[in-house]
Participant: 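Can you read through this structure? Questions will come right after.
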Amino acid sequence: MRRWLPFPLLTVALLVLWLLLTGSLTPGTIILGSILAIGAARALLTLTPPKTRLRRPRAAFRLALVVLAEIVRSNWAVARIILLPATRQRKSGFVRIPLDMRAPYGLAALACIITATPGTLWVEYDSADNTMLLHVLDLIDEEEWVRIIKDRYEKRLVEIFE
Amino acid sequence: MTNAADLPAWAALPTALLLLLGAGLALTGSLGLLRLGSFYERIHAPTLGTTMGISCVLLASMLFFSVLQTRLVLHELLIAVLMVVTTPVTLMLLARAALYRDRSEGCDEVPPPPPPLPSSPDLPGGSPQTQVSTKVFERT
Amino acid sequence: MTTELLSWSILLAQILLTLAMACAVYRLLRGPRAQDRVLGLDTLYVNATMLLLTFGIRTGSTLYFESALVIALLGFVATAALAKFLMRGEVIE
């Protein structure tokens, strides 16, 4: 079982993508899609990705909701910055944020979350002293951003991945 | 325009609103490319189009075709998945490339790379700075 | 009434998206630096994907969906390759 189905979640996701792409649910497409999905998952095995397990799917779901709300809110904020004439002196800048998390998948998820949110951008990660460089479009208080990243995202990601 | 006539009002109205919202957000993001001052500010702007802009248009498309063909049309989800996976990757790559270029030119606006710790082993997936500088070493 | 509303809003959305593409093309042509051009190209690809989706809604044909998917894929590959090139191209100099 373990040998034939190394990544069960990924295999199912690939099969669903294949079915969506072909747009049909006939037995032929399901069989072909399963063969392709299993083959692709086994091909991934040769890359030997670091092992992880999705702990606490409920926490992951809650994090997804938080991220979704944050994306909608910051879409609005960035649209206001672009469209309205500048009323106050807006300043953008870099913030270096020390991280506690070392899990590679957690760091990757944090990078994707930060970059996908308008107004913040993950620029660089330094593995030697475990810090990241963040660029913020509307930078008011650097300490506040360190707190936001740590409390809102890093704490939950540690809970999920470590 | 031939098929739009078959659409009932309860579906046509949300489709129109979602389309306008998505297109408006995409235009706002692209306007940001013109209005914002520096590259690091401009790179924030297209995220509007790639997050909420395209999801609104995809939702409109899913709603429209599902009602029109009276079955669930979900293949737009493929583009949504693709966008979720690819947007952060491209933006991070671009930001890293810009940072590297600015640093190698000695630009004052970007922060310097953190000082390397003495005799620390280079972990895989380290900062681009260390990876690139080893490449320089190999070439010279 | 609602049919007309839908067709007009599709037209308006297409005009907005075309304007957005024009902004991206401006950034692509004017620079000032290479990373600005790549950013403009990336935005152009995303806007083109959305424009193709609105064409699909306008004609009621799902054929446009596939071209939108291909454009989105090409955009990712092109931007990733160009960003990599920006990092390495400087090293060779």
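Throughout, protein chains are lettered first and strands after them, A, B, ... in sequence-line order, and every chain is numbered starting at 1. Owing to the predicted nature of the structure, the values given are computational and were not obtained by experimental measurement.
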Participant: Identify the heavy atoms of B/M52 and A/N75 that sit nearest to each other, and give their distance.
Facilitator: CB-ND2, 3.5 Å
Participant: With a 4.5 angstrom heavy-atom cut-off, is it the side chain or the backbone of B/L36 that approaches chain A, or both, or neither?
Facilitator: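 The side chain, not the backbone.
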Participant: Nearest heavy-atom pair of B/A45 and A/I82: which atoms, and what distance?
Facilitator: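 Nearest heavy atoms, B/A45 then A/I82: CB-CD1, 4.2 Å.
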Participant: To the nearest 0.5 Å, how far apart are SG in A/C112 and CE in B/M92?
Facilitator: 4.5 Å
Participant: In terms of ring plane angle, is the pair B/Y40 and A/F94 parallel, tilted or perpendicular, where the classes change at 30° and 60°?
Facilitator: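 Plane angle over 60°, so perpendicular.
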Participant: Return the option, out of A/T120, A/I113, A/V136, with the maximum number of heavy-atom pairs under 4.5 Å with chain B.
Facilitator: A/T120
Participant: How many angstroms lie between CD in A/E124 and OH in B/Y100, if you round to the nearest 0.5 Å?
Facilitator: 12.5 Å
Participant: Who among B/G53, B/P88, B/A98 has the most heavy-atom pairs with chain A under 4.5 Å?
Facilitator: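 Winner by heavy-atom pair count: B/P88.
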Participant: Is there side-chain contact between A/L83 and B/T28, with heavy atoms separated by less than 4.5 Å?
Facilitator: yes
Participant: Within a strict 4.5 Å, meaning less than it, do heavy atoms of the A/V72 and B/T51 side chains meet?
Facilitator: no
Participant: To check you understand the geometry: which heavy-atom pair defines the closest contact between B/H75 and A/L20, and what is its length?
Facilitator: CB-O, 3.4 Å
Participant: Any side-chain heavy-atom pair from A/L133 and B/L99 closer than 4.5 angstrom?
Facilitator: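 A/L133 reaches B/L99 side chain to side chain.
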Participant: Side chain, backbone, both or neither: which part of A/T22 has a non-hydrogen atom closer than 4.5 Å to chain B?
Facilitator: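 Nothing of A/T22, per the 4.5 Å heavy-atom cut-off to chain B.
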Participant: To the nearest 0.5 Å, how far apart are CD1 in B/I43 and OG1 in A/T115?
Facilitator: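 The OG1 atom of A/T115 is 9.0 Å from CD1 of B/I43, to the nearest 0.5 Å.
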Participant: Quick one: what part of B/L77 sits under 4.5 Å from any heavy atom of chain A, side chain, backbone, both or neither?
Facilitator: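 The side chain, not the backbone.
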Participant: Any ion pair linking A/K91 and B/E41 (charged N to carboxylate O, less than 4.0 Å)?
Facilitator: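 No.
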Participant: Considering non-hydrogen atoms only, spot the tightest contact between A/V123 and B/R96 and give its length.
Facilitator: O-CG, 3.1 Å
Participant: Compare all side-chain heavy atoms of B/T47 with those of A/T117 and state whether any distance is below 4.5 angstrom.
Facilitator: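 When only atoms from C-beta onward are counted, A/T117 and B/T47 do not touch, as no gap falls below 4.5 Å.
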Participant: Please report the interatomic distance CH2(A/W76) to CG(B/L25), rounded to the nearest 0.5 Å.
Facilitator: 10.0 Å
Participant: State, to 0.1 Å, how close A/L121 and B/A95 come at their nearest heavy-atom pair, and which atoms those are.
Facilitator: CD2-CB, 3.7 Å
Participant: Which bit of A/A111 comes within less than 4.5 Å of chain B, counting heavy atoms only: side chain, backbone, both or neither?
Facilitator: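 Its backbone and side chain both get close to chain B.
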